[in-house]
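For the single chain, residues carry numbers from 1 onward in sequence order. None of these values were measured; they are calculated from a predicted model.
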Amino acid sequence: MNTLYYAMNPWWEGIAAETGIERKDYTALLPMFQKRKQIEILIGSRRAGKTTLLKQFIKELLQQGVPPKDIFYAALDHPSLSGTPISEHVKNIRRMFMHDRKKRLYLFFDEVQESPKWELELKSLYDIENLKIFCTGSTSSLIKSQGGRLTGRQIVATVYPLSFHEFILFHGEKPPLSEDYKLEKLAEDYLLIGGYPEHVLNPSSEYMVNLLDDILMRDLIRLYPIKRAAVLKDLLRLIASSVGSRISFNKLGNVLGLAVDTVKDYIYYLDSAFLVSSMDKWTMSNTERIYAQKKIYFQDTGIKTLLTGTSDIGMKAENAVYMEMQRKKIPCGYFAESEREVDFVTGKQGSPLPIEVKYISTVDLTDKRLSGIKLFLRRFPKTRKVLVVSKNVEAHQTLDKTVIDVVPLWKFLLSSEQYLVSR
């Protein structure tokens, strides 16, 4: 096993590990992580970059002067490691380097859910050892299934596929604003390709097919009581063709030949594997929010491209706006009354911010496609700001006392904080 340890920890022998392109939105958090004792658990889809992030954290620790042999990384999904309890790995490392038990060590456990009784093992280590522990996992169920064993001992963060800003950096330097047409083209590429790092660097439909199969077979079929595994892809295709629309679980069940409760369970499983994310109706009524139809978006538009092709670029633009708000932890819902809708609303009833995504090159307030915004303003007259995300139009208008900002998608994705404020 020592040979495998050395292979996974090349810095012990002065060899640099491959760390890829730095994701500064995450690595900037390392100083905060170091100051607190809690276990850092990074969750997210397979191949979203969690392993690379651990290696980037390790690189930063080494640059800070942490001794190489005080840092231990283990991929717990490796066949030779998965059956060994985490505490045994820690004992092995202390024995190998004769570490004093009081010495602070940095431990990085990749795919921690593959290790037996990992929750109890981490709890025990946290309570009695001087350790800073980082873990990754590919399904949110690994957190929910703990039964509270790590309550107060863990802090969970989601690692998403690349943001648009990261997507640009993976393609080289950011074009200057004087060449905004390049940013517009990059935004369209982003909608089609998505943000899985390896796929961004080397786009391949075969890669995405294999990725989706891995997620469905390794993270779902193995973890959940799914009796009709083949139906999962059909369900994903139906969801992909309905992005931005209200979803009827009854209709999905009828099409797939599944009970409504089974459809709900399957969507929950897809959500737990970070494939999709559900959005409720924006309403002050808890009852209405619970019983109203959901909208379902993909956590990566590249998966949607795989399932439905390249034609529905407007749906992908709406999906990208939703995921940008998810990254920024901005709660949102949709507004709907009869057949008129607003894609997203954030904020409280007294100061809401409605957001409409229209991936078009002309925006006219008299356009019927903006009728949902007009209805919203009648229902909520205290609204002081409306945001319309377009393909390439930028404008600033007023309607009575309401400011209407029209912004190109690329600009919104690069500086969403600037626009996601209700005034």
Side-chain angles (χ1 to χ4, degrees), residues 1-15 17-19 30 33-34 36-44 46 50-59 61-62 66-157 159 218-219 222-223:
M1 191 174 288
N2 287 6
T3 300
L4 185 56
Y5 286 159
Y6 270 93
M8 290 186 176
N9 296 266
W11 46 91
W12 291 350
E13 299 182 279
I15 302 171
E18 176 59 46
T19 58
L30 183 59
F33 293 164
Q34 289 177 266
R36 62 196 187 197
K37 178 175 172 58
Q38 282 92 346
I39 300 165
E40 310 293 342
I41 299 185
L42 306 180
I43 58 175
R46 285 192 178 275
K50 302 185 299 299
T51 298
T52 300
L53 272 177
L54 293 187
K55 299 292 180 64
Q56 291 178 3
F57 289 158
I58 290 169
K59 179 181 179 181
L61 290 173
L62 292 170
V66 176
K69 293 179 181 178
D70 292 356
I71 301 171
F72 173 59
Y73 168 85
L76 297 181
D77 57 349
H78 191 284
S80 297
L81 301 184
S82 60
T84 303
I86 290 173
S87 58
E88 286 300 314
H89 293 304
V90 178
K91 288 179 184 178
N92 291 341
I93 297 306
R94 288 200 186 280
R95 187 181 301 114
M96 284 174 63
F97 301 121
M98 302 306 294
H99 285 312
D100 188 282
R101 286 187 62 84
K102 295 181 180 180
K103 188 175 185 61
R104 180 177 175 84
L105 301 180
Y106 291 86
L107 307 180
F108 294 81
F109 297 120
D110 214 352
E111 300 297 345
V112 68
Q113 76 278 356
E114 302 295 335
S115 186
K117 298 181 179 179
W118 65 272
E119 313 100 309
L120 293 173
E121 291 282 310
L122 290 182
K123 178 181 181 298
S124 177
L125 289 173
Y126 178 92
D127 289 343
I128 65 175
E129 300 266 7
N130 182 21
L131 305 168
K132 181 60 185 180
I133 303 173
F134 297 79
C135 302
T136 72
S138 294
T139 62
S140 61
S141 62
L142 76 89
I143 305 302
K144 297 174 183 176
S145 65
Q146 294 170 10
R149 295 185 183 94
L150 293 179
T151 300
R153 300 174 177 85
Q154 66 178 6
I155 297 180
V156 181
V159 176
R218 295 183 64 184
D219 293 336
R222 188 166 57 92
L223 291 175

Undergrad: Between Phe108 and Phe57, is the ring centre distance below 6.0 Å?
TA: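 That pair fails the under 6.0 Å test.
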Undergrad: Shortest non-hydrogen contact from Ala17 to Pro10?
TA: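 Nearest pair, atom of Ala17 first, then Pro10: CB-CG, 4.0 Å.
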Undergrad: Taking Lys50 for the side chain and Gly44 for the main chain, is one N or O donor matched with an acceptor at less than 3.5 Å?
TA: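 Yes, the answer is positive, given that a donor and an acceptor are paired below the 3.5 Å cut-off.
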Undergrad: What residue among Arg104, Lys103, Arg94, Lys91 forms salt bridge (charged side-chain N to carboxylate O under 4.0 Å, His left out) with Glu129?
TA: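 Among Arg104, Lys103, Arg94, Lys91, the one meeting salt bridge (charged side-chain N to carboxylate O under 4.0 Å, His left out) with Glu129 is Arg94.
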Undergrad: Report the distance from atom CD1 of Ile155 to atom CG of Leu150, rounding to the nearest 0.5 Å.
TA: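 So the gap between those two atoms works out to 12.0 Å.
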Undergrad: What do the steps show when you test Glu111 against Arg218 for salt bridge (charged side-chain N to carboxylate O under 4.0 Å, His left out), and what is the final call?
TA: CA-CA 12 Å; Glu111 300 297 345; Arg218 295 183 64 184; over 6 Å; no
Undergrad: Using the rule given for side-chain contact (heavy atoms from CB on, under 4.5 Å), can you reason through Leu122 versus Val112, listing the C-alpha separation, both sets of side-chain angles and the distance that settles it, and then say yes or no?
TA: CA-CA 10 Å; Leu122 290 182; Val112 68; 4.2 Å; yes
Undergrad: So, using side-chain hydrogen bond (donor to acceptor under 3.5 Å, both in side chains) as the criterion, who are the partners of Asn130 when residues are at least two apart?
TA: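 Scan of Asn130 (side-chain hydrogen bond (donor to acceptor under 3.5 Å, both in side chains), adjacent residues dropped) gives none.
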Undergrad: So, for Ser82 and Pro116, which heavy atoms are closest and what is the spacing to 0.1 Å?
TA: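 Closest approach of Ser82 to Pro116: O-CD, 3.0 Å.
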Undergrad: Measuring from atom NZ of Lys123 to atom CD1 of Ile39, what distance do you get when rounded to the nearest 0.5 angstrom?
TA: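 Taking NZ in Lys123 and CD1 in Ile39, the distance rounds to 10.5 Å.
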Undergrad: Within a radius of less than 6.0 Å around NZ of Lys102, do more than 12 heavy atoms belonging to other residues, nucleotides or ligands occur?
TA: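 It does not: Lys102 NZ has 12 such atoms or fewer within range.
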Undergrad: Report, as yes or no, whether the 6.0 Å neighbourhood of atom NZ on Lys59 holds more than 12 heavy atoms from other residues, nucleotides or ligands.
TA: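 No, the 6.0 Å shell around NZ holds no more than 12 heavy atoms from other groups.
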Undergrad: Tyr126 and Gln38: which non-hydrogen atoms are nearest, and at how many Å?
TA: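 Smallest heavy-atom distance, with atoms named: CE1-CA, 3.7 Å.
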Undergrad: Using only atom types and a distance under 3.5 Å, with no angle test, would you say the side chain of His89 pairs donor to acceptor with the backbone of Tyr5?
TA: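 Side chain of His89 to backbone of Tyr5: no pair is present.
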Undergrad: What's the separation between atom CG in Asn2 and atom CG in Asn92, rounded to the nearest 0.5 Å?
TA: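 Interatomic distance, Asn2 CG to Asn92 CG, rounded to 0.5 Å: 7.0 Å.
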Undergrad: Determine whether Phe72 and Met8 make a side-chain contact, defined as any pair of heavy atoms from C-beta on separated by less than 4.5 Å.
TA: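 Phe72 does not reach Met8 side chain to side chain.
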Undergrad: Using the side-chain contact (heavy atoms from CB on, under 4.5 Å) rule, take Leu30 and Phe134 through it: C-alpha gap first, then chi angles, then the decisive distance, then the call.
TA: CA-CA 11 Å; Leu30 183 59; Phe134 297 79; 4.0 Å; yes
Undergrad: To the nearest 0.5 Å, what is the distance between OG1 on Thr136 and CD on Glu40?
TA: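 Rounded to the nearest 0.5 Å, the OG1-CD separation comes to 13.0 Å.
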Undergrad: If you define the side chain from C-beta out and look only at heavy atoms, does anything of Thr84 sit under 4.5 Å from Met1?
TA: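 The answer is yes; the side chains approach within 4.5 Å.
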Undergrad: Step by step, would you call Leu54 with Leu42 a side-chain contact (heavy atoms from CB on, under 4.5 Å)?
TA: CA-CA 9 Å; Leu54 293 187; Leu42 306 180; 4.2 Å; yes
Undergrad: Do side-chain atoms of Lys132 reach the backbone of Phe33 as a donor and acceptor pair under 3.5 angstrom?
TA: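 Answer holds: yes.
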Undergrad: Hey, is the main chain of Ile71 close enough, under 3.5 Å, to the side chain of Trp12 for a donor-acceptor pair?
TA: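 Yes, Trp12 side chain to Ile71 backbone: donor-acceptor pair under 3.5 Å.
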Undergrad: Please assess Glu114 against Arg222 for the test salt bridge (charged side-chain N to carboxylate O under 4.0 Å, His left out), listing each intermediate value before the final yes or no.
TA: CA-CA 12 Å; Glu114 302 295 335; Arg222 188 166 57 92; 2.9 Å; yes
Undergrad: Would a line drawn from the ring center of Phe109 to the ring center of Trp118 be shorter than 6.0 Å?
TA: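 That pair fails the under 6.0 Å test.
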Undergrad: Any side-chain heavy-atom pair from Ile58 and Asn9 closer than 4.5 angstrom?
TA: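 A side-chain contact is absent here, since even the closest heavy-atom pair is not under 4.5 Å.
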Undergrad: Are the side chains of Leu61 and Gln34 in contact, using a 4.5 Å heavy-atom criterion?
TA: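 Yes - at least one pair of side-chain heavy atoms lies under 4.5 Å apart.
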Undergrad: Check the pair Ile93, Lys69 against side-chain contact (heavy atoms from CB on, under 4.5 Å), reporting the backbone distance first and the verdict last.
TA: CA-CA 9 Å; Ile93 297 306; Lys69 293 179 181 178; over 6 Å; no
Undergrad: Ring pair (Phe, Tyr, Trp, His ring centres under 6.0 Å) with Tyr73: which residues, sequence neighbours excluded?
TA: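 Per chain and number, Tyr73 pairs via ring pair (Phe, Tyr, Trp, His ring centres under 6.0 Å) with no residue.
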Undergrad: Compute whether any side-chain donor of one residue and acceptor of the other, for Ser87 and Glu121, lie under 3.5 angstrom apart.
TA: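 Side-chain D/A pair, Ser87 to Glu121: present.
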Undergrad: I need the Leu125 CG to Leu120 CG distance, nearest 0.5 Å.
TA: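 That separation rounds to 11.0 Å.
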Undergrad: Roughly how far, to the nearest 0.5 Å, is the OG atom of Ser115 from the CG atom of Asp77?
TA: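 Rounded to the nearest 0.5 Å, the CG-OG separation comes to 11.0 Å.
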